[in-house]
Amino acid sequence: MRINGYYCRVFMLFTYTTFLVLEFVTRCSAIEVYHEWHVSLDTNVSPLNVNQSVIAINEMFPGPLINVTTNDVVHVNVFNNLDEPLLFTWHGIQQRLNSWQDGVSGTNCPILPHHNWTYVFQTKDQIGTFFYYPSIQFQKAAGGFGAIRVNNRDVIAVPFPKPEAEFDLLIGDWSTEDYKISKSMMRNKDVNSYAVPKFILMNGKGPYGNNLSKSFESFTVTRGKSYRFRISNVGNALSLNLRIQNHEMLLVETEGSYTNQILLDSLDVHIGQSYSVIVKTNQSEADYYIVASPKLTNTNDSSDLLGIGVLHYSNSTKGVTGPLPTGPDPFDVEFSRNQARSIRWNLTAGAARPNPQGSFNVSNVTLSHTFILLGSLEEISGLPLYAVNNVSYYTIGTPLKLADHFVNGSGVYQLDAFPHDSVNANASYGISVVSGKHKGWAEFVFKNKMNVMDTWHLDGFGFFLVGFGDGDWTPASRDTYNLVDPVVRSTVQVYPGGWTAVYAFLDNPGMWNLRSQVLKRWYLGQELYIRVFDADPDPAKERPPPENLLLCG
């Protein structure tokens, strides 16, 4: 909050159903927002009429909204009431100069059962739509996720009129099995038999009209207004197509970047991706279906594997009518790829800073690294595992960042032993850590030879999405790159039998996770770490460990 021109510190204590603003302190240099989370397994908030434990935060599923502004400092005191260790990661928040707060196994010791730990991170130079979730023990399959909004500062113009209201829309596939059972099935030889998702949820609620749903999601709107929907695919296995009956969506933002504004009848949202769309309520007073359907999967209007919610006009006197709105052919990869290519960076809009986004571009950069990364399903010692370039990441008890700080990684990992642009002849385990040149430009080429979608996410950075292609990538593929207005984001899809290329400016020193966002792939080893190192010990280059640093390993 801002009072008399000064930033004020805001203390928030989340009770089980509400939060109290306890104190305002003026003349602060930045806003500090405090959350207290009690994380537990809870059957009362399960979305369906089945006996299932869900990871809830303060008895809420999804968890509390983190609603902040550029440069705010967020304190989240996490009390772990589960029976196993816990970490949260903040998907898309770049943790500038501070990978100590990233919340993955390579950066943080977990919060042990019946203990608490406080994350402190800043939304430095960021705006946009993001989310959080548990990052270890396959816990993401049980929930524990929630939305993050990073709003513009008042001094920065937003490139669209202020909407009447904003809504968070978390969509994702959901399995009815207990997550610990699903986790144990990962070690079966036929890993693809594991817990195929049964439902698509919207904000933790089951589909409208489904007998197993306890409730459904509904958004109340006023005719003649505009509304911002912040959409994130928080699922684990399926890319989704989202559409609203009789309404177009104006795409305006993705993962912290303002986009060229395009009108869409439907939007593909792949696992881990986030978007903002503006919806004009210009139809007659009625209720309208909101539908999220899976890609590369056959469904019909009566299928359980459809997320269905309602857009409710405030003066509507009747429920939804007619068939569900149809989307594109779920197997039409070219439609999806062309839509992805049409999502471009808005070069004239400011974002976290007043200068236009387009003042920082990739039209004439010199690459310092090229990483060519193939994700694949392999077998090691009789077990099914996922690998990158035939190396399946082996998670050890000592976080890499901790080992890096105390012993320069000695005895824990071997830097650059990973084959960064070739595929090993035989699959093996490895503690994969590669060097990234500080303030160098890196090219990442993600390859997918399987017949299913994949998505990759990079912590610590946004990357420029310069190209998609079918078949194999070669150096000549660079001739097809978009170097004029590629959008900047942190999660990108890789189509079956294809490749995706991105550029990243490695200006954020730290230990950063690069992973498949498909949960079973991530859990079974499709990940690696990038060590971006700057020898200057000045905290302005990288922050020292926090005072409450946990030790383990």
Side-chain angles (χ1 to χ4, degrees), residues 89-96 99 102 104 124-130 150 253-259 270-275 337 340-341 343-347 351-352 357-373 375 388 420-421 434-448 454-469 473 477-478 480-495 498-517 526-532:
T89 193
W90 322 95
H91 191 90
I93 301 300
Q94 293 178 6
Q95 308 292 355
R96 301 292 302 174
S99 61
D102 201 34
V104 291
K124 177 69 174 171
D125 292 337
Q126 285 191 266
I127 58 96
T129 303
F130 310 99
V150 184
E253 178 259 337
T254 180
E255 298 167 21
S257 288
Y258 288 124
T259 64
H270 303 278
I271 301 170
Q273 292 186 339
S274 297
Y275 290 96
R337 189 184 282 125
R341 288 192 179 112
I343 299 171
R344 304 295 185 98
W345 217 21
N346 185 329
L347 300 180
Q357 291 181 146
S359 60
F360 191 74
N361 62 71
V362 295
S363 59
N364 190 27
V365 303
T366 300
L367 297 174
S368 58
H369 312 271
T370 292
F371 299 93
I372 303 174
L373 307 174
V388 185
H420 70 274
D421 60 358
V434 296
S435 295
K437 181 181 179 182
H438 184 231
K439 294 190 176 179
W441 281 95
E443 176 186 38
F444 296 91
V445 179
F446 305 112
K447 299 166 66 175
N448 180 13
D454 197 5
T455 62
W456 284 80
H457 174 77
L458 175 60
D459 287 350
F461 303 91
F463 44 56
F464 292 78
L465 174 51
V466 294
F468 295 102
W473 180 92
S477 302
R478 294 188 179 114
T480 69
Y481 286 3
N482 168 25
L483 301 181
V484 177
D485 55 358
V487 73
V488 177
R489 61 186 317 149
S490 62
T491 308
V492 67
Q493 70 271 30
V494 190
Y495 293 96
W499 56 266
T500 299
V502 303
Y503 286 176
F505 185 56
L506 303 182
D507 63 340
N508 191 14
M511 186 73 72
W512 302 110
N513 189 225
L514 176 61
R515 61 180 177 269
S516 173
Q517 199 58 34
Q526 191 177 323
E527 64 174 318
L528 63 147
Y529 283 82
I530 302 171
R531 180 181 184 262
V532 180

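Atom CG of Leu373 is separated from atom OG of Ser516 by 12.0 Å, given to the nearest 0.5 angstrom. The structure places CD of Glu527 at 5.0 Å from CG of Asn513, a figure rounded to the nearest 0.5 Å. The CZ atom of Arg478 sits 6.0 Å away from atom CG of Leu367, with the distance rounded to the nearest 0.5 Å. One distance of note links NE2 of His438 with OG of Ser368; it measures 11.5 Å at 0.5 Å rounding. Here OG1 of Thr129 is found 3.5 Å from CD of Glu253. Values are rounded to the nearest 0.5 Å.
Residues Arg515 and Gln517 meet the side-chain proximity criterion, which asks for heavy atoms closer than 4.5 Å. Between His270 and Thr491, the closest side-chain pair of non-hydrogen atoms is not below 4.5 Å. In this structure the side chain of Phe446 never reaches within 4.5 angstrom of the side chain of Asp454, judged on heavy atoms. A 4.5 Å side-chain heavy-atom check between Tyr481 and Val362 finds every atom pair outside the cut-off. Between His457 and Thr455, every side-chain heavy-atom pair lies at or beyond the 4.5 Å cut-off. Counting heavy atoms from C-beta on, the side chains of Gln94 and Lys124 never come closer than 4.5 Å. Between Val532 and Asn508, the closest side-chain pair of non-hydrogen atoms is not below 4.5 Å. At a threshold of 4.5 Å between non-hydrogen side-chain atoms, the residues Lys447 and Trp499 count as touching.
Evaluation of the ring pair (Phe, Tyr, Trp, His ring centres under 6.0 Å) rule for Phe464 yields Trp345, Trp441 as partners, not counting sequence neighbours.
The closest donor-acceptor contact from the side chain of Thr500 to the backbone of Gln493 lies under 3.5 Å. Remark: side-chain polar atoms of Gln126 are paired, donor with acceptor, to backbone N or O of Gly92 under 3.5 angstrom. For Ser490 (side chain) and Leu458 (main-chain N/O), no donor-acceptor pair under 3.5 Å exists by modelled atom type. Between the His369 side chain and the Lys437 main chain, a donor and an acceptor come within less than 3.5 Å of each other. The backbone N or O of Arg344 sits nowhere less than 3.5 Å from a side-chain atom of Asp485 that would complete a donor-acceptor pair. A donor-acceptor pair is defined here as one N or O able to donate and one able to accept, closer than 3.5 Å; no such pair exists between the side chain of Gln526 and the backbone of Val388.
In terms of heavy-atom proximity, Ser435 sits nearest to Phe371 at O-CZ, 3.6 Å. Here the closest non-hydrogen pair linking Val434 and Leu528 is CG2-CD1, 4.0 Å. Taking both residues in full, the closest heavy atoms of Glu443 and Trp473 are given as OE2-CZ2, 3.9 Å, listed atom of the first, atom of the second, then distance. Taking each heavy atom of Val494 and Trp456 in turn, the nearest pair found is CG2-CD1, 3.6 Å. Taking every heavy atom of both residues into account, Val492 and Val502 meet most closely at CG1-CG1, 4.4 Å. When every heavy atom of Phe130 is checked against every heavy atom of His91, the shortest pair comes out as CB-O, 3.2 Å.
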Exercise for the section: Go through the steps for Asp459 and Gln95 under the test side chain to side chain donor-acceptor pair (under 3.5 Å), then give the verdict. Expected result: CA-CA 8 Å; Asp459 287 350; Gln95 308 292 355; over 6 Å; no
Exercise for the section: Would you check, one step at a time, whether the test side chain to side chain donor-acceptor pair (under 3.5 Å) holds for Gln357 with Ser257? Expected result: CA-CA 8 Å; Gln357 291 181 146; Ser257 288; 4.6 Å; no
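Using a 4.0 Å cut-off between charged nitrogen and carboxylate oxygen, Arg96 and Asp507 count as a salt-bridge pair.
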